[in-house]
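Taking it in order: structure first as C-alpha cells, then the write-up.
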Amino acid sequence: MRVTVRLFARLRDIAGAAELARDLAPGAQATTVGDVWRQLAKEFPELAGYERSISSAVNADYARMDHVIRDGDEIAFLPPVSGG
Amino acid sequence: MTTPLLAIGRGPLDLERVAGALSADPSTRPGQDGAVVTFLGLVRNHNVGRRVRHLEYEAYEPLALKAFERIAAEIAERWPSARLALHHRIGRLEIGEASVAIAARSPHRGDAFAACRYAIERVKQIAPIWKHEYFEGGDVWIEGATADPDDARARAEAERVACA
C-alpha cells in the first residue's frame, strides 16, 4: 500500500520534505494514521516530541490517529496551529 | 468575478472586498442588516520581546478552507441571523500588512460583534495555518493550539470570549 504523507511547518523542516511517499507493508491488522506516524517518528526521531500535540488529516479532512487508511490516501500531520 | 466569502491566498487582503462579498451574497437580503463588523489582523513588529522583521505564513489550503466553512457553520448555528466572510493571506508578509480579514453581518450589532470575534478565535484554534516568525537574531515556527475542531472546550472558550 502506497500513501502520500504531507508535513507542515516545523514537521516539514525536521523531515526535510513537504511531501513523502511511503510504502506500508500490509499487517495482520488494518493500518492506521497512527501507524504511519510511528513509522515516521522512527525515521525522524525529532518528530516523536510532537506525538501529543499533532493533529492529522486524511485526504484533507481532519481524522483521528485510529483512522484506517487505504492505498493512495494523502495523510497530513499538523503541528499546533498559529494562524490569524 | 465575484469575491468568495471564504478564501485563502497570496495576494494582499482588501477588507472592503471581503465586506462587499458578504453584502452581495444571496444570504444577505436587502435592508435586513443593521450592522457589519470587520476585523483586520496585522503583522506586528514585536512578539514576546522579539523584534519581528517579517512573517511567512504556510497553510494546508484545502483543509484550511474546510475549517473556514466549519467556522461559518458554527456561527450559523450559534447566531442564526449572522453571516461571515473571511479571507486569510499566506506567504511572506511584511510588518503592518494584513494577514486576515473578517466581516460579519447581522440585523443587530451584538450578534455581528460576537460572530466576528468568534471567527478569529476559531481561526486561531483550528485552521491549519502556521506563522514562521523571522526576528532580529533568528527565526521560529509559532506553535499555538493543537487543532481539534471537535474539542468542545475550545469551542466553548471561543464562544465565551466572543460574548464577553
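Within every chain, numbering begins at 1; the chains are lettered A, B, ... in the order of the sequence lines, protein sequences first and strands thereafter. All values below were derived from every heavy atom in this structure, side-chain atoms included, with hydrogens, water molecules and symmetry-related copies excluded.
- For CZ of Arg70(B), the number of neighbouring non-hydrogen atoms (other residues, nucleotides, ligands) closer than 6.0 Å is greater than 12.
- The side-chain heavy atoms of Arg12(A) and Trp141(B), taken from C-beta on, include a pair separated by under 4.5 Å.
- Heavy atoms closer than 4.5 Å to chain A are found in both the backbone and the side chain of Ile142(B).
- Leu22(B) and Tyr118(B) fall within the same hydrophobic cluster, defined by Ile, Leu, Val, Met, Phe, Trp and Tyr side-chain heavy atoms under 4.5 Å apart, directly or through other members.
- Put simply, the side chain of Lys131(B) gets close to the backbone of Ser82(A): a donor and an acceptor are under 3.5 Å apart.
- Taking both residues in full, the closest heavy atoms of Leu63(B) and Asp61(A) are given as CD1-CA, 3.9 Å, listed atom of the first, atom of the second, then distance.
- Contact annotation for Lys66(B): only side-chain heavy atoms (C-beta onward) come within less than 4.5 Å of a heavy atom of chain A.
- Cluster annotation: Tyr134(B) is not connected to Val43(B) through the hydrophobic network of ILVMFWY side chains, with a link wherever side-chain heavy atoms come within less than 4.5 Å.
- Transitive grouping of hydrophobic side chains (ILVMFWY, heavy atoms separated by less than 4.5 Å) brings Ile69(A) and Leu47(A) into a common cluster.
- Residue Glu61(B): no heavy atom, backbone or side chain, is found under 4.5 Å from chain A.
- Under the 3.5 Å distance criterion, the side-chain polar atoms of Glu143(B) are left unmatched by any main-chain donor or acceptor of Pro80(A).
- Atom OG of residue Ser53(A) and atom CG of residue Asp148(B) lie 12.5 Å apart, to the nearest 0.5 angstrom.
- Nearest heavy-atom pair across Val123(B) and Gly83(A) is CG1-C, 4.3 Å.
- Across all non-hydrogen atoms, the minimal contact from Thr146(B) to Ile54(A) is CG2-O, 4.0 Å.
- Residues Val18(B) and Leu13(B) do not share a hydrophobic cluster, defined by chaining ILVMFWY side chains whose heavy atoms lie under 4.5 Å apart.
- The neighbour count for Glu16(B) CD, taken as heavy atoms of other residues, nucleotides or ligands under 6.0 Å away, does not exceed 12.
- Looking at Ala127(B), the atoms closer than 4.5 Å to chain A (heavy atoms on both sides) all sit in the backbone: N, CA, C or O.
- Listed for the Tyr62(A) side chain is no donor-acceptor partner under 3.5 Å among the backbone atoms of Ala67(B).
- Only the side chain of Ala57(A) comes within less than 4.5 Å of a heavy atom of chain B; its backbone N, CA, C and O stay farther away.
- Using a 4.5 Å cut-off between side-chain heavy atoms of Ile, Leu, Val, Met, Phe, Trp and Tyr, with links allowed through other members, Tyr50(A) and Phe44(A) fall into the same hydrophobic cluster.
- Contacts between Tyr57(B) and chain A at a heavy-atom distance below 4.5 Å involve the side chain alone, from C-beta outward.
- Here the shortest heavy-atom pairing between Val81(A) and Gln125(B) reads CG2-O, 3.5 Å.
- Residue contact with chain A, scored on non-hydrogen atoms closer than 4.5 Å, involves the backbone of Ala59(B) exclusively.
- The parts of Trp130(B) that come within reach of chain A are both its backbone and its side chain, each placing non-hydrogen atoms under 4.5 angstrom from that chain.
- In the displayed structure, Arg22(A) atom CZ is contacted under 6.0 Å by more than 12 heavy atoms of other residues, nucleotides or ligands.
- For a residue to count as touching a neighbouring chain, one of its non-hydrogen atoms must lie under 4.5 Å from one of that chain's; by this rule Pro149(B) touches chain A with the side chain only.
- His132(B) has its side chain out of reach of Arg10(A): every pair of non-hydrogen atoms, C-beta onward, lies at least 4.5 Å apart.
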